[in-house]
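Presented below is the structure to which this report refers.
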Amino acid sequence: MDKAQLKKTQPVVYRTLSHALTSGRIAHAYMFAGPKSANTKNTALLFIQSLFCPHPDEDGFACQECDSCRRLAAHDAADVKWIEKERIKKNDIARLQEQFSTTAVERNGKRVYVLDRFDKATPDSSNALLKFLEEPGTSLFGILLVENAANTLTTIQSRCQLIQFRPGSIAYVKNALKDLTDEESADMLARAGYSFEEAAALVTDETYPLIREEAKVFFENMHRITAVYRMQREVFPAKGEHTTRQWVNVWLIWLLYYIKHSGRSDVRFEQKVALVAIVTETLDLLVRPVDLALCLDKVYARIRKAVNL
Ligand SMILES: [Zn+2]
């Protein structure tokens with residue numbers, strides 16, 4: 001995370017964290033809340049680096065260059081645990097507790113855990129975490145990353161210091177992506193709310209152009225049942241390699257793009273409106289835990305019905 005960029009794009013977050021770091025008054029649990037574009041994950045890394053860095057700057061933030069900072073950036077430190085899953089479960093929290101109780105305390109004795117997408121975690125895992133939060137060791141710190149704080153239990157919220165991020169700027173993300181991908185793709189990912197880091201990871205993945213192409217192929221053939229078979233068997237089979245929330249999301253946003261921008265003369269205006277609604281509703285649905293293959297089957301069926309050619 002670029003410190004200057006954080007200061008410029010999230011001034012309130014910057015000041016709050018800087019104050020905690022320079023005063024040494026670190027809360028035992030933070031909830032970093034904001035959309036993907038706000039870069040909560042990279043800010044969490046910077047904050048953790050700052051807790052350990054022996055050479056902080058005048059605002060208390062890490063140098064990002066020393067050995068400690070590098071190891072933390074590589075996620076190579078026994079005293080910092082990241083749980084990055086689509087849906088954190090009770091067992092993940094239990095394992096975390098166990099790991100912290102058995103690993104030796106390194107460096108300055110601080111231990112930190114990060115729970116990504118905690119607003120999607122199971123209720124069970126929230127209850128397990130509550131017990132964890134109720135008996136904090138003096139050196140144990142947690143950061144919960146959420147898109148929407150309101151989607152977590154109030155009992156969790158009340159034990160965390162809320163750090164509310166504002167959405168990142170679309171123009172910034174688009175501009176930063178321009179050396180990595182074409183303008184169409186940069187524009188679309190920025191508008192879809194991706195942060196620069198997330199979008200950069202996507203566009204440099206070899207799967208990205210394939211999924212993009214599949215969205216186009218599907219759009220051109222969506223009235224044919226063969227297009228559905230292709231999706232079900234080759235692109236997103238149940239438990240398939242690419243049948244993940246991330247790639248389904250990419251496929252849907254490209255499909256939406258083709259529906260809006262590349263015309264098919266045989267698709268009428270009101271059909272187009274219906275298609276946009278189907279894809280947008282599905283994108284909204286994807287933020288919740290759903291069976292992806294099942295969810296996609298519904299999309300194909302609804303699209304064929306809407307097109308009805
Ligand atoms: Zn450092």
Side-chain angles (χ1 to χ4, degrees), residues 1-21 27 29-53 56-57 59-65 69-70 72-75 80 82-86 88 112-120 141-152 160-181 185-205 208 245-246 249-250 253 287:
M1 181 81 215
D2 185 327
K3 289 186 272 182
Q5 189 206 325
L6 180 69
K7 193 172 183 176
K8 195 173 132 206
T9 57
Q10 306 282 352
V12 179
V13 171
Y14 185 92
R15 274 203 307 276
T16 311
L17 296 181
S18 168
H19 180 71
L21 290 164
Y30 287 94
M31 185 177 285
F32 284 14
K36 279 181 290 193
S37 62
N39 240 328
T40 48
K41 198 186 278 188
N42 285 294
T43 308
L45 174 62
L46 173 64
F47 186 61
I48 295 169
Q49 287 173 318
S50 308
L51 291 175
F52 291 99
C53 179
D57 64 19
D59 290 337
F61 288 104
C63 75
Q64 297 183 294
E65 284 166 5
C69 286
R70 279 174 208 268
L72 288 164
H75 288 206
V80 177
W82 292 75
I83 302 188
E84 304 180 81
K85 299 179 75 175
E86 289 197 351
I88 292 177
V112 188
Y113 58 92
V114 181
L115 305 176
D116 193 14
R117 300 192 197 130
F118 199 74
D119 44 352
K120 316 283 184 331
F141 302 94
I143 303 176
L144 279 52
L145 306 181
V146 301
E147 281 194 30
N148 187 350
N151 291 343
T152 59
C160 296
Q161 182 178 342
L162 178 66
I163 307 283
Q164 182 64 54
F165 288 63
R166 57 186 203 194
S169 124
I170 291 173
Y172 166 79
V173 176
K174 187 181 166 184
N175 191 45
L177 279 174
K178 73 171 188 267
D179 293 334
L180 295 174
T181 188
S185 162
D187 185 57
M188 208 205 53
L189 292 170
R191 284 176 197 286
Y194 283 92
S195 69
F196 167 67
E197 282 78 3
E198 279 181 310
L202 274 185
V203 298
T204 49
D205 190 305
Y208 181 75
R245 201 166 296 266
Q246 167 179 278
N249 205 67
V250 168
I253 55 180
V287 303

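Side-chain contact between L46 and Q64 is present, with heavy atoms from C-beta onward closer than 4.5 Å. The side-chain heavy atoms of Y194 and V250, taken from C-beta on, include a pair separated by under 4.5 Å. Taking 4.5 Å as the limit, every side-chain heavy atom of P56 sits out of range of all side-chain heavy atoms of L21. With contacts defined as side-chain heavy-atom distances shorter than 4.5 Å, the pair L6/F47 does not qualify. Side-chain contact between L145 and V114: present, with at least one pair of heavy atoms (C-beta onward) separated by less than 4.5 Å. In this structure, V80 and F52 have side chains that are in contact, with non-hydrogen atoms separated by less than 4.5 Å.
Residues passing the side chain to side chain contact (heavy atoms under 4.5 Å, CB included) test with Q164 are A33, L162, sequence neighbours excluded. Partners of D57 under the salt bridge (charged side-chain N to carboxylate O under 4.0 Å, His left out) rule, at least two apart in sequence or in another chain, are K3. K178 is linked by a side chain to side chain donor-acceptor pair (under 3.5 Å) to N175, counting only residues two or more places apart in sequence or in another chain. Applying the ring pair (Phe, Tyr, Trp, His ring centres under 6.0 Å) criterion to Y113, with sequence neighbours excluded, gives F132. Taking R15 as the reference, nothing meets the side chain to side chain donor-acceptor pair (under 3.5 Å) condition, with sequence neighbours excluded. Every residue two or more places apart in sequence or in another chain that forms a side chain to side chain donor-acceptor pair (under 3.5 Å) with R245 is listed here: E86. With sequence neighbours left out, D59 forms a side chain to side chain donor-acceptor pair (under 3.5 Å) with Y14. Applying the ring pair (Phe, Tyr, Trp, His ring centres under 6.0 Å) criterion to F32, with sequence neighbours excluded, gives F165. Remark: K85 pairs with D92 by the salt bridge (charged side-chain N to carboxylate O under 4.0 Å, His left out) rule, at least two apart or across chains. Every side chain to side chain contact (heavy atoms under 4.5 Å, CB included) that S185 has, sequence neighbours left out, goes to T181, D182, L189, V203, Y208, R212, W254. Applying the side chain to side chain contact (heavy atoms under 4.5 Å, CB included) criterion to A27, with sequence neighbours excluded, gives Y30, Q161. Here E84 pairs with K41, H75, W82, D116 under the side chain to side chain contact (heavy atoms under 4.5 Å, CB included) rule; sequence neighbours left out.
Of the inter-residue distances, the one linking Q246 atom CD with D205 atom CG reads 7.0 Å to the nearest 0.5 angstrom. Rounded to the nearest 0.5 angstrom, I83 CD1 and L115 CG are separated by 5.5 Å. Rounded to the nearest 0.5 Å, atoms OG1 (T43) and CD1 (I163) are 10.5 Å apart. Taken to the nearest 0.5 Å, the CG atom of L51 stands 9.5 Å off from the CG atom of L17. Remark: Q10 CD to T16 OG1 distance equals 10.5 Å, nearest 0.5 Å. Between the CZ atom of R191 and the CG atom of D187 there is a distance of 4.5 Å, given to the nearest 0.5 Å.
The heavy-atom pair separating G60 from S50 by the smallest distance is O-CB, 3.6 Å. Contact between Q49 and L72 at its shortest, heavy atoms only, is CA-CD1, 3.7 Å. The heavy-atom pair separating L177 from A200 by the smallest distance is CD2-N, 3.8 Å.
Between the side chain of D119 and the backbone N or O of N148 there is at least one donor-acceptor pair closer than 3.5 Å. No donor-acceptor pair closer than 3.5 Å links the side chain of R166 to the backbone N or O of G34.
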